[in-house]
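Contents: one structure, followed by commentary.
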Amino acid sequence: MNYIAFGLKIRSNIKFQELFENTISNDHDIDAADVMILKTNSQEQPLLTKNWLFEENRVLFKIENIAIFEIEEGNKITVYPLDDYNERIVKLYILGTCVGVLLFQRNILPLHGSAIAIDGKAYLFIGEQGAGKSTLAATFIKNGYQLISDDVIPISINDELVPMVIPAYPQQKLWDDALSNIGKKPADFQSIYGREKKYCVPVVDKFCYDPMPLGGIFELRKTDKEQLTIDSINGLQCLNILSMHTYRNQLLNKMGLTNWHFRCITRLVNNISVLQIKRPEGIFTAELIKSEVISTILKEKEIYHEC
């Protein structure tokens, strides 16, 4: 099977219903794919004395009794099934941790959050679990905007040194209360394995398939105050926020990518605005936040044109 996701042509012997199918010109030409995903039937498995192994351009990790995953050279993911192999669990790890490692190997920065296309640019919503980033993105989609990525957001720097946000794949992961708030029924969607109240929500008809320049980043935080606020942040605080919300950031040091990562996030904060949204906890404010975000983006554009 052939797919396109994260800006890459992927060839896989595991079927992914959530990915966009692609026809590679020559089915027998392995070089036509950027990434190979191979579930092997070989009885020879890598020997792991720990759950993780880091080598140059090669990372292995084990999910107990499920599978061993090997990510090599930024172009190959090999899955070694174990006794209790479960393909739903394996696909979650492939599209999550494995892709995160693979993007690092390809020098593509993955941030953790949601990305929405607004007026020809990509705007990111990042934050801790439960901050409301996917719910906010779903509200934008409900109002006619397009999703670029949910969960893993790949960012590359083009030849003109412009940060570009690469589309991931056309699916959101939403909790049941978020579905209800945008008028959808949990019963219409498949739950994520191990998270019975979180669901896979396809957005094929509201997905942006083209890379977009990064327009800005909003960090969502909950507050005990009643007032919603959006404030610009600068300097070291920006770097700390982007570092905190880099996908699988705990792997950077072990992969020898700390300096590379610092250069990446520094380039981002030198090119775009980072803002912090503080929203009242316990109140569904996604529609209000959406309106305030659009208003903030418009004001920034006006200031830019005046300059």
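Residues take their numbers from the sequence shown, with the count starting at 1.
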> If you take all heavy atoms of Tyr247 and Gly100, which pair is closest and at what distance?
Replying inline: CD2-CA, 4.0 Å
> So with a 6.0 Å cut-off around NZ of Lys173, is the heavy-atom count from everything else above 12?
Replying inline: yes
>> I'd like to check Met1 versus Glu21 (side-chain heavy atoms, cut-off strictly below 4.5 Å). Are they in contact?
In response: no
> Looking at side-chain heavy atoms only, is the closest gap between Asn249 and His261 below 4.5 Å?
Replying inline: no
> Do Phe61 and Tyr80 belong together in a cluster built from hydrophobic side chains that touch within less than 4.5 Å?
Replying inline: no
> Roughly how far, to the nearest 0.5 Å, is CG of Asn86 from CG of Leu92?
Replying inline: 9.0 Å
> Which pairs with one or both residues in residues 45-65 pass salt bridge (charged side-chain N to carboxylate O under 4.0 Å, His left out), sequence neighbours excluded?
Replying inline: Glu55-Arg58, Arg58-Glu70
>> Can you tell me how far apart NE2 (His245) and CG (Asn240) are? Round to the nearest 0.5 Å.
In response: 10.5 Å
> Does Met244 share a hydrophobic cluster with Ile277, counting links as ILVMFWY side-chain heavy atoms below 4.5 Å and allowing steps through other members?
Replying inline: no
> More than 12 foreign heavy atoms under 6.0 Å from OH of Tyr93: is that the case here?
Replying inline: no
>> Given Ile217, which partner from the list Ile155, Leu124, Ile233, Val269 fulfils the side-chain contact (heavy atoms from CB on, under 4.5 Å) test?
In response: Leu124
>> Whether the side chain of Asn13 engages the backbone of Lys39 through a donor-acceptor N/O pair (distance < 3.5 Å, no angle test) should be reported.
In response: yes
>> Please check this pair: side chain of Asp34 against backbone of Lys9, looking for a donor-acceptor N/O pair closer than 3.5 Å.
In response: yes
>> Any non-hydrogen side-chain atom of Ser156 less than 4.5 Å from a side-chain atom of Ile166?
In response: yes
> Atom CD in Glu292, atom CG in Leu275: separation rounded to 0.5 Å?
Replying inline: 12.0 Å
>> Looking at Leu174, is its backbone amide N or carbonyl O close enough to the side chain of Lys198 to form a donor-acceptor pair, meaning the two atoms are under 3.5 Å apart?
In response: no
> Between Ile63 and Leu82, which heavy-atom pair has the shortest distance, and what is it?
Replying inline: O-CD1, 4.0 Å
Mind listing the side-chain donor-acceptor pairs of residues 104-115 below 3.5 Å, one per line with the distance, residues two or more places apart or on another chain?
{"from": "Gln105", "atom 1": "OE1", "to": "Gly74", "atom 2": "N", "distance (Å)": "2.8"}
{"from": "Gln105", "atom 1": "NE2", "to": "Ile71", "atom 2": "O", "distance (Å)": "3.2"}
{"from": "Arg106", "atom 1": "NH1", "to": "Gly74", "atom 2": "O", "distance (Å)": "2.7"}
{"from": "His112", "atom 1": "NE2", "to": "Asp151", "atom 2": "OD1", "distance (Å)": "2.9"}
{"from": "Ser114", "atom 1": "OG", "to": "Asp150", "atom 2": "OD1", "distance (Å)": "2.7"}

>> So Arg267 and Leu161, do their side chains get closer than 4.5 Å, heavy atoms only?
In response: yes
>> Counting only heavy atoms not in Glu226 (residues, nucleotides, ligands), do more than 12 fall under 6.0 Å from its CD?
In response: no
>> Minimum heavy-atom separation for Pro154 and Leu103, please, with both atom names.
In response: CB-CD1, 4.1 Å
>> Do Val101 and Met255 make a side-chain contact, defined as non-hydrogen atoms from C-beta onward lying under 4.5 Å apart?
In response: yes
> When rounded to the nearest 0.5 angstrom, what is the spacing between CG in Leu19 and CD1 in Ile14?
Replying inline: 11.0 Å
> Between Ser149 and Val152, is there a donor-acceptor pair closer than 3.5 Å when you use the side chain of the first and the backbone of the second?
Replying inline: yes
>> Nearest 0.5 angstrom please: Ile230 CD1 to Ser295 OG, how far?
In response: 8.0 Å
> Looking only at heavy atoms, which two atoms of Thr78 and Thr40 are closest? And how far apart?
Replying inline: CG2-CG2, 4.1 Å
>> side chain to side chain contact (heavy atoms under 4.5 Å, CB included) for Asn65 and Asp83? Distances and angles first, verdict last.
In response: CA-CA 6 Å; Asn65 299 323; Asp83 292 343; 5.5 Å; no
>> I'd like to know whether Lys278 forms a side chain to side chain contact (heavy atoms under 4.5 Å, CB included) with Gln227, so could you lay out the CA-CA distance, the side-chain angles of the two residues, the decisive distance to 0.1 Å, and finally the verdict.
In response: CA-CA 8 Å; Lys278 292 182 179 178; Gln227 192 73 26; over 6 Å; no
> With distance as the sole test, does Lys185 use its side chain to make a donor-acceptor pair with the main-chain N or O of Leu179 at under 3.5 Å?
Replying inline: no
> Can you find a heavy atom in the side chain of Ile182 that is under 4.5 Å from one in the side chain of Ile141?
Replying inline: no
>> I'd like to know whether Leu220 forms a side chain to side chain contact (heavy atoms under 4.5 Å, CB included) with Ile126, so could you lay out the CA-CA distance, the side-chain angles of the two residues, the decisive distance to 0.1 Å, and finally the verdict.
In response: CA-CA 6 Å; Leu220 277 164; Ile126 60 178; over 6 Å; no
> So, Lys91 side chain and Lys15 main chain: donor-acceptor pair closer than 3.5 Å or not?
Replying inline: yes
> Counting only N and O atoms by type, is there a donor-acceptor contact under 3.5 Å from the side chain of Glu72 to the main-chain atoms of Ile77?
Replying inline: no
> Under 3.5 Å, is there a donor-acceptor pair between the Thr223 and Arg279 side chains?
Replying inline: no
> Given the rule that I, L, V, M, F, W and Y join up when any side-chain heavy atoms are under 4.5 Å apart, are Val35 and Phe69 in one cluster?
Replying inline: yes
> NZ of Lys290: more than 12 outside heavy atoms within 6.0 angstrom?
Replying inline: yes
> Side-chain heavy atoms under 4.5 angstrom apart, residues restricted to Ile, Leu, Val, Met, Phe, Trp, Tyr: same cluster for Leu251 and Ile68?
Replying inline: no
>> By the definition ring pair (Phe, Tyr, Trp, His ring centres under 6.0 Å), identify the one residue from Phe140, Phe207, Tyr123, Phe125 that meets it with Tyr145.
In response: Phe140
> Looking at OG1 of Thr285 and CG of Leu136, how far apart are the two atoms once the value is rounded to the nearest 0.5 Å?
Replying inline: 8.5 Å
>> Using every non-hydrogen atom in the two residues, find where Lys133 and Gly127 come nearest and quote the distance to one decimal.
In response: NZ-O, 2.9 Å
> Does the separation of the ring centres of Phe20 and Tyr209 fall below 6.0 angstrom?
Replying inline: yes
> Side-chain contact, heavy-atom cut-off 4.5 Å: Ile66 with Val90?
Replying inline: yes
>> So that I know where these two stand, are Phe54 and Trp52 an aromatic pair - ring centroids less than 6.0 Å apart?
In response: yes
> Looking at side-chain heavy atoms only, is the closest gap between Glu219 and Val274 below 4.5 Å?
Replying inline: no
> Looking at Leu48 and Asn51, what are the two nearest heavy atoms and their distance?
Replying inline: CD1-O, 4.4 Å
> Just checking, any donor-acceptor pair under 3.5 angstrom between side chains of Glu18 and Gln171?
Replying inline: no
>> Using only atom types and a distance under 3.5 Å, with no angle test, would you say the side chain of Thr266 pairs donor to acceptor with the backbone of Phe262?
In response: yes
>> Please check this pair: side chain of Ser243 against backbone of Leu239, looking for a donor-acceptor N/O pair closer than 3.5 Å.
In response: no
> How far apart are the C-alpha atoms of Lys184 and Phe189, what are their side-chain angles, what is the distance that settles it, and do they pass the side chain to side chain contact (heavy atoms under 4.5 Å, CB included) test?
Replying inline: CA-CA 9 Å; Lys184 295 183 182 290; Phe189 304 99; 3.9 Å; yes
>> With a 4.5 Å cut-off on side-chain heavy-atom distances among I, L, V, M, F, W and Y, is there a chain of contacts connecting Ile153 to Leu257?
In response: yes
>> Between Phe16 and Tyr169, is the ring centroid distance below 6.0 Å?
In response: no
